[in-house]
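This report concerns only the one structure given below.
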Protein chains: 2
Amino acid sequence: MGLTKTEHFTDKQNAIATMAKALGHPARIAIFEYLLKVDTCICGDIVNELPLAQPTISQHLKELKSAGLIKGNIEGTSICYCIDEKGLEKLQGYFTTISLKLNKKNNKCC
Amino acid sequence: MGLTKTEHFTDKQNAIATMAKALGHPARIAIFEYLLKVDTCICGDIVNELPLAQPTISQHLKELKSAGLIKGNIEGTSICYCIDEKGLEKLQGYFTTISLKLNKKNNKCC
DNA sequence: TTTATTTATCGTAATATTGCAATATAATAA
DNA sequence: TTATTATATTGCAATATTACGATAAATAAA
């Protein structure tokens with residue numbers, strides 16, 4: 001108990017859930033938006049930008065990365081993180097498809 | 001510690017994170033997709049459809065509802081759940097906007 | 001080599017989530 | 001009223017997440 005039953009759901013359902021979960025925290029939304037805002041995809045300025053300790057930011061970055069939403073490149077001592085377009089596209093595409101399907105049916109019962 | 005610092009983020013960031021988190025579980029993705037699939041927005045067939053116990057489904061429905069992603073209407077003894085278009089539109093709009101912004105900048109550093 | 005800088009990992013405490021059995025609630029049917 | 005049916009809530013155990021201090025690892029600079 002207390003363990004998500006991923007095996008009962010499809011790979012796609014699990015994949016979308018994983019990405020949605022990764023963005024299911026305001027700090028990770030803020031990190032994502034910061035990466036979108038800066039032109040040069042600067043790295044650990046995120047620590048200065050957000051009101052969280054460095055290990056916490058590092059952990060959030062790890063989760064976003066493992067969900068396929070950001071990428072990281074080593075640049076000297078620092079690491080350059082930026083948005084992974086493919087991951088974002090998957091998520092965006094999913095919600096757009098769902099929205100279109102919903103508009104096609106008459107969702108009037110509630 | 002262990003408590004999300006929502007007060008440090010904007011209302012919008014928290015709102016998007018809340019909705020993303022609600023869909024950050026494969027069972028809730030499956031519920032959402034089921035509600036999209038069925039024409040009449042039938043209710044507790046979800047319990048028969050998914051491999052989870054009734055209290056568990058009820059709990060997931062509650063989370064989707066409190067995140068503003070589904071609505072529920074009492075119909076006799078049963079309850080009719082269906083997708084809340086406004087919530088879905090907010091989430092879909094957010095990701096579409098982010099995607100468009102990303103396409104405008106040259107995201108080539110990583 | 002030594003020192004500084006940057007990021008990751010470890011360890012741990014606090015809190016949250018997941019799942020379900022048992023039970024409660026609420027509306028309908030008999 | 002007394003079932004019956006459908007959904008919600010409670011309580012609890014297992015697991016996961018969040019946050020951070022301390023520390024490690026890795027590269028760059030002196």
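Side chains are part of it too, since the values below use all heavy atoms of this structure and drop only hydrogens, waters and symmetry mates. Each chain gets a letter, A, B and so on, in the order its sequence line appears, and its residues count up from 1.
- Look at CD1 on A:Ile46: it is 14 Å from P on C:dT6, rounded to the nearest Å.
- Among residues two or more places apart in sequence or in another chain, the side chain to side chain donor-acceptor pair (under 3.5 Å) test is passed with B:Thr10 by B:Gln13.
- Both A:Lys21 and B:Lys5 sit near DNA chain D, but only A:Lys21 has its closest nucleotide nearer the 5' end.
- Considering only residues two or more places apart in sequence or on other chains, A:Glu33 meets the salt bridge (Lys or Arg N to Asp or Glu O under 4.0 Å) condition with none of them.
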Verdict with supporting geometry, B:Tyr81 and B:Lys65, side-chain contact (heavy atoms from CB on, under 4.5 Å): CA-CA 9 Å; B:Tyr81 279 108; B:Lys65 196 178 174 188; 4.2 Å; yes
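- Taking all atoms of both residues into account, the shortest heavy-atom contact from B:Ala27 to B:Leu50 is O-CD1, 3.9 Å.
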Check: protein-nucleotides 27-30 of chain C nitrogen or oxygen pairs below 3.5 Å:
none

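- Of the candidates C:dT7, C:dT18, D:dA19, the closest approach to any side-chain atom of A:His25 belongs to D:dA19.
- The aromatic rings of A:His25 and B:Phe9 sit perpendicular, their planes meeting at an angle over 60°, well past the 30° parallel limit.
- Residue A:Tyr81 places at least one side-chain N or O closer than 4.0 Å to OP1 or OP2 of C:dA8.
- Checked against B:Leu64 for a side-chain contact (heavy atoms from CB on, under 4.5 Å), the options B:Ile70, B:Asp84, B:Ile83 give a single hit: B:Ile70.
- The salt bridge (Lys or Arg N to Asp or Glu O under 4.0 Å) test applied to B:Glu85 returns no partner, not counting sequence neighbours.
- When all heavy atoms of B:Arg28 and B:Ala22 are compared, the closest pair comes out as NE-O, 2.5 Å.
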Chi angles and distances behind the side-chain contact (heavy atoms from CB on, under 4.5 Å) call for A:Ile16, B:Leu23: CA-CA 8 Å; A:Ile16 294 293; B:Leu23 289 173; over 6 Å; no
side-chain contact (heavy atoms from CB on, under 4.5 Å) evaluation trace for A:Ile79 with A:Leu61: CA-CA 11 Å; A:Ile79 292 184; A:Leu61 286 167; over 6 Å; no
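- Against DNA chain D, the stretch residues 51-72 of chain A makes heavy-atom approaches under 4.0 Å through A:Leu52, A:Ala53, A:Pro55, A:Thr56, A:Gln59, A:His60, A:Glu63.
- Listed in residue order, the members of residues 7-18 of chain B having a heavy atom less than 4.0 Å from DNA chain D come to none.
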